[in-house]
Each structure stands twice: as C-alpha cells, then as structure tokens.
Amino acid sequence: MQKERVFKKRYVFIPALFIVLMIAWVIHFLTFPVGHDLYKTVKVNNLVTLYVTQASAGAMTSFSYHYYLYDATKSEADFMAHIDDQRAFMVTSDSKATATANNDHLYLRVRDDIFSFNNGSYKIIVHLDAAPY
C-alpha cells in the first residue's frame, strides 16, 4: 500500500485544464479590443483639432462616440495610429451631437447620455450644452 498513489494523473489533469481555460476566458474578456472608426473632425484653431471616433466593443453593445483633442500639426493617420495612447475628454452615446468651433472656443451640443467629461489637456474653452432629451 505504500507504493499506491493518492491521486491518479488523469483525475488531476481535467480540473487543472478547466482552471486554465477559465483564467484564459476571464483575461480575454477583461482585455477585449474596442474598435474605433473616425467619425468626424473639427479644426478648433491652428494648434488643436477635435477628432470624434465611433467606438464599438462588439455586436451586443451600442456605439459610443469619443471626443479627442489632438495636435493640429499631425495628420489623421497619426492620430488613429496613436489612439490607444490618447484619453477622450468626452464619451457620449449621442450620434447627432454637434461640434462647432469659433474664435478658439469649442461649442458642443449633446442630447443624449454623457458617460464621461473632462475639459482636456489643451487650453481651449469648451462650451457644453447638454440635455437628456
């Protein structure tokens, strides 16, 4: 009886495989990629351009619209290449939100949910007209 194993290898392999698959599944869903498509651009002044992207996290989620302020001397392709390094100053679900620029001021009109808003790192004045209807 001293040479008998307590556990057989095949009985340990199945639960260990199940645990590894569960960990891989959790990591996959915590780090899922968000697809961004360029939706709109508005030139605010010679230093800053507003980029609006339409973001989708998959088939079961609705679109969200991310607003970024980015260096106007750089191209759209450069912005899209570095979009993961940028932080959106506003995220909304309103596809019909308007953005206009006048005298270095940015005017935003949103008529749906705003998920986050931060005035951004560029020194421009943002006027936000928001309502839930």
Side-chain angles (χ1 to χ4, degrees):
M1 291 284 289
Q2 290 181 344
K3 293 184 181 182
E4 291 294 321
R5 293 186 187 145
V6 177
F7 296 107
K8 292 187 178 183
K9 289 181 183 178
R10 64 178 173 218
Y11 295 131
V12 174
F13 179 72
I14 304 259
L17 181 64
F18 181 72
I19 290 170
V20 168
L21 289 175
M22 288 292 292
I23 291 171
W25 183 74
V26 168
I27 289 172
H28 170 72
F29 281 105
L30 290 178
T31 61
F32 62 91
V34 175
H36 286 275
D37 295 322
L38 191 59
Y39 188 70
K40 185 186 329 183
T41 60
V42 175
K43 185 171 174 125
V44 178
N45 57 23
N46 292 336
L47 302 173
V48 179
T49 301
L50 171 73
Y51 288 97
V52 182
T53 62
Q54 183 181 36
S56 173
M60 300 301 288
T61 60
S62 60
F63 290 116
S64 62
Y65 298 89
H66 297 229
Y67 287 69
Y68 299 91
L69 294 173
Y70 196 67
D71 190 1
T73 61
K74 299 187 179 175
S75 67
E76 290 179 6
D78 185 51
F79 168 73
M80 292 304 289
H82 297 97
I83 194 165
D84 293 332
D85 301 334
Q86 303 298 318
R87 182 169 180 245
F89 77 90
M90 184 174 76
V91 179
T92 182
S93 62
D94 189 5
S95 64
K96 298 176 185 167
T98 59
T100 56
N102 189 10
N103 294 333
D104 294 341
H105 290 231
L106 181 61
Y107 297 91
L108 301 171
R109 186 171 192 261
V110 181
R111 293 294 177 253
D112 209 344
D113 293 330
I114 296 177
F115 302 122
S116 69
F117 180 80
N118 181 0
N119 197 14
S121 60
Y122 289 94
K123 303 296 183 205
I124 64 167
I125 297 172
V126 177
H127 302 274
L128 178 63
D129 177 18
Y133 49 86

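Computed from a predicted structure; not experimentally measured. By convention here, the first residue in the shown sequence is residue 1. Worth knowing before you read on, the calculation uses all heavy atoms, side chains too, and leaves out hydrogens, waters and symmetry mates.
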Go through the steps to decide whether Val52 and Tyr67 satisfy the test side chain to side chain contact (heavy atoms under 4.5 Å, CB included), and finish with yes or no. CA-CA 5 Å; Val52 182; Tyr67 287 69; 3.4 Å; yes
Check for me, please, whether Tyr68 and Ile114 land in the same ILVMFWY cluster - side-chain distances under 4.5 Å, paths through other members count. no
Atom pair NE2/CG of His82 and Asp84 - distance to nearest 0.5 Å: 10.0 Å
Write down the atom of Ala99, the atom of Lys40, and the distance for their closest heavy-atom approach. N-NZ, 4.5 Å
When you measure from the side chain of Thr92 to the backbone N and O of Asp113, does any donor-acceptor pair fall under 3.5 Å? yes
Other members of the hydrophobic cluster containing Tyr107, with the 4.5 Å side-chain heavy-atom rule, please. none
So do the side chains of Asn118 and Arg87 get within less than 4.5 Å of each other, counting heavy atoms only? yes
Please answer: with hydrophobic residues joined when any side-chain heavy atoms are less than 4.5 Å apart, are Ile125 and Leu128 in the same cluster? no
Is Leu50 reachable from Val48 through a run of hydrophobic residues whose side-chain heavy atoms are each under 4.5 Å from the next? yes
Check the angle between the aromatic planes of Phe79 and Tyr51 and answer parallel, tilted or perpendicular using the 30° and 60° thresholds. parallel
After noting the C-alpha distance and the side-chain angles of Leu106 and Leu69, does the key distance pass the side chain to side chain contact (heavy atoms under 4.5 Å, CB included) rule? CA-CA 10 Å; Leu106 181 61; Leu69 294 173; 4.2 Å; yes
Contacts of Tyr65 meeting side chain to side chain donor-acceptor pair (under 3.5 Å) (sequence neighbours excluded), chain-then-number -> Gln54
Verdict with reasoning, Met90 to Val126, per side chain to side chain contact (heavy atoms under 4.5 Å, CB included): CA-CA 11 Å; Met90 184 174 76; Val126 177; over 6 Å; no
Check for a donor-acceptor pair, side chain of Asn103 on one end and backbone N or O of His105 on the other, with a separation under 3.5 Å. no
At what distance, to the nearest 0.5 angstrom, does CG of Leu47 lie from CG of Asp104? 8.0 Å
Any salt bridge linking Arg111 with Asp94? Criterion: basic side-chain nitrogen under 4.0 Å from a carboxylate oxygen. no
Distance check, rounded to the nearest 0.5 Å: Leu108 atom CG versus Thr98 atom OG1? 7.5 Å
Hey, does Ile83 have a side-chain heavy atom less than 4.5 Å from the side chain of His66? no
Does the side chain to side chain contact (heavy atoms under 4.5 Å, CB included) test come out yes or no for Phe117 and Phe89, once each step is laid out? CA-CA 5 Å; Phe117 180 80; Phe89 77 90; 4.0 Å; yes
ring-ring contact (aromatic ring centres under 6.0 Å, His included) against Phe63, all qualifying residues, sequence neighbours excluded: none
From OG1 (Thr49) to CD (Glu76), nearest 0.5 Å: 9.0 Å
